[in-house]
2 protein chains.
Amino acid sequence: MTALPSGLLGVLDATSDRAVFRQIADQLREAIGKGHFAEGAKLPSESELVGHYGVSRMTVRNALSVLQGEGLVHSEHGKGVFVRPRPPVRRLASDRFARHHRDQGKSAFTVEAEAAGSHSQVDNLQVREERPSADVSARLGSPLRVLVRHRRYLLDGRPVEFATSYLPLDIAKGTPIAAPNPGPGGIYARLEELGHRLERFEEEVRARMPTPPEAKTLRLAPGVPVIRLVRTAYDTKGRAVEVCDTVMAADAYVLAYELPAQ
Amino acid sequence: MTALPSGLLGVLDATSDRAVFRQIADQLREAIGKGHFAEGAKLPSESELVGHYGVSRMTVRNALSVLQGEGLVHSEHGKGVFVRPRPPVRRLASDRFARHHRDQGKSAFTVEAEAAGSHSQVDNLQVREERPSADVSARLGSPLRVLVRHRRYLLDGRPVEFATSYLPLDIAKGTPIAAPNPGPGGIYARLEELGHRLERFEEEVRARMPTPPEAKTLRLAPGVPVIRLVRTAYDTKGRAVEVCDTVMAADAYVLAYELPAQ
DNA sequence: AAGTGGTCTAGACCACAAT
DNA sequence: TTGTGGTCTAGACCACTTC
């Protein structure tokens, strides 16, 4: 239990109604906000905080867990508690599926990653057929069976999103879409070659906390939500030809959309 | 300490590496997922769980705090811990700012709420002038000063979002836009009357955990993220005439966008 | 008054990391 | 070996809700 750099943290207000662990969390949050602890910097250890505030260890841990829940800090076993660096965010532009971004022999994800000087990977590739869920079925016009394509995307080694695509089997069966690697331009390019010229996409955006499997797949730190994006692609005949259900690490993305005023 | 309805919860695996509080959280999560505890239903009390599992109270509380962090349950002092009901979500369509939705004498928020049979309110109305932040300044083309309009929106009494609009002072000063109530159709209608015919909007969508003031303003339960939406409005001359920074309760919204394939 | 969750203590032993 | 965070115990007192 070494001494704490003086001045960074204050003292408790015994007359306050605010719980002690909240006061400690408030002071740490404020110190981080003021830059007294930079991104990636180590906070005082639990025993240092115990010594500084004169409280029990559980109280200190309670305070730290508040900050962890806010996504402000993360702990590393045996090392300490650190201010969470904000990772670089990937900006998804609303024209990312425009045709002219497609005819380049690579997937949209890869093209964009390389343009940003990042290394991209795709893993967990799975292709199968199944009966659609009620939600997917409704979006696709009630096909009996669908082709399911699942994959995970990594940027510079970090998993940032995973996605599952659903396509009516009568469209996709026996085509390159059903192959593990659908070829240059991805499945949208293949769909157009098959005569399904794409006209528009609908996207639905939600945010929530991850389920434990999602947190594991995306290696999410506590306090990081996920963005759920469900995209439906329509061809020029107005038929829904694909539904893509994506779960993204919210700290890795900003979605950009352009809306005409009409 | 009363007995627990048998069969709903299992026993601990002492040979498992998984921490006891995680095993308890897993079992509760699974029971909720299977519908053994419906939305809004009360979980066994802490002392019941202590009795059932034969662990200390802190271990049970640790397990419950895991579920709370996931947004699965919420606790009410003196009453119990309950499965969080998922509130009705408001669907924001991408044409919500289209002109034909504007000329009806009411704000977009009010119109949409009434169409859904909900009661809407706006409060915390504040209008002031200030120097723009670096971010707002960059988006608006570096005006010296901006008009700032802040307000909070409630649906059926529940706060669901708050928003801050920034407009270049040379556009807004001395106009109805600077009044607390800008009149029918909102500030977009007033902007068009002032000769700034709107052409397009850009929206940026992010998600993260709320700061404590945000959680207070939106009365967010633990484990509920916020969606941050920054919208920039451009007139037909290509000038940015407004930036609107919105923070929304993520459990109350789904954002819908339409993208042309081009 | 009884039951509930909220806060806090003062320990204990463990697993992981740095030295 | 030392310091760190991870887990767990067995209490205590408090505030809120319900009866």
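Numbered from 1 within each chain, the chains take letters A, B, ... in sequence-line order.
- In summary, the side chains of A/Tyr53 and A/Gln27 do present a donor paired with an acceptor at a separation below 3.5 Å, with no hydrogens or angles considered.
- Between the C1' atom of C/dG5 and the CD atom of B/Glu48 lies a distance of 13 Å, rounded to the nearest Å.
- Aromatic ring orientation, A/His150 versus A/Phe162: tilted (interplanar angle from 30° to 60°).
- Side-chain proximity of A/Met58 to the nucleotides D/dG5, C/dC8, C/dT9 is greatest for C/dT9.
- A/Arg18 comes within contact range of no nucleotide atom at all, as no heavy-atom separation falls under 4.0 Å.
- What separates CZ of B/Arg61 from P of C/dT4 is a distance of 14 Å, to the nearest Å.
- Atoms NZ (A/Lys42) and C1' (C/dA17) sit 12 Å apart, rounded to a whole Å.
- For B/Thr59 and D/dT7, the shortest distance from a side-chain N or O to OP1 or OP2 is not below 4.0 Å.
- By the criterion of a centre-to-centre distance under 5.5 Å and near-parallel planes under 30°, the ring of B/His77 forms a stack with the base of D/dA15.
- Side-chain atoms of B/Ser133 and B/Asp135 include no donor-acceptor pair closer than 3.5 Å.
- Protein atom CD of A/Glu46 is 17 Å distant from nucleotide atom P of C/dA10, rounded to whole Å.
- Considering only side-chain N and O atoms, B/Ser56 lies nowhere under 4.0 angstrom from the phosphate OP1 or OP2 of D/dG11.
- Rounded to whole Å, atom C1' of C/dT9 lies 14 Å from atom CZ of A/Arg57.
- For the pair B/Leu43 CG and C/dG5 P, the computed distance is 9 Å after rounding to whole Å.
- Phosphate proximity of C/dT4 to B/Ser75: absent, as no side-chain N or O sits under 4.0 Å from OP1 or OP2.
- The NZ atom of A/Lys79 sits 14 Å away from the C1' atom of C/dT19 (whole-angstrom rounding).
- Where B/Asn62 and A/Gly78 meet DNA chain D, the nucleotide closest to each residue was compared, and A/Gly78 sits on the side nearer the 5' end.
- Atoms OH (A/Tyr53) and C1' (C/dT7) sit 17 Å apart, rounded to a whole Å.
- Residues A/Ser165 and A/Arg151 bring a donor and an acceptor atom of their side chains to less than 3.5 Å of each other.
- The phosphate of C/dG3 (OP1 or OP2) has no side-chain N or O of B/Ser45 nearer than 4.0 angstrom.
- Judged by distance alone, the side chain of B/Arg29 and the main-chain N or O of B/Leu67 form no donor-acceptor pair under 3.5 Å.
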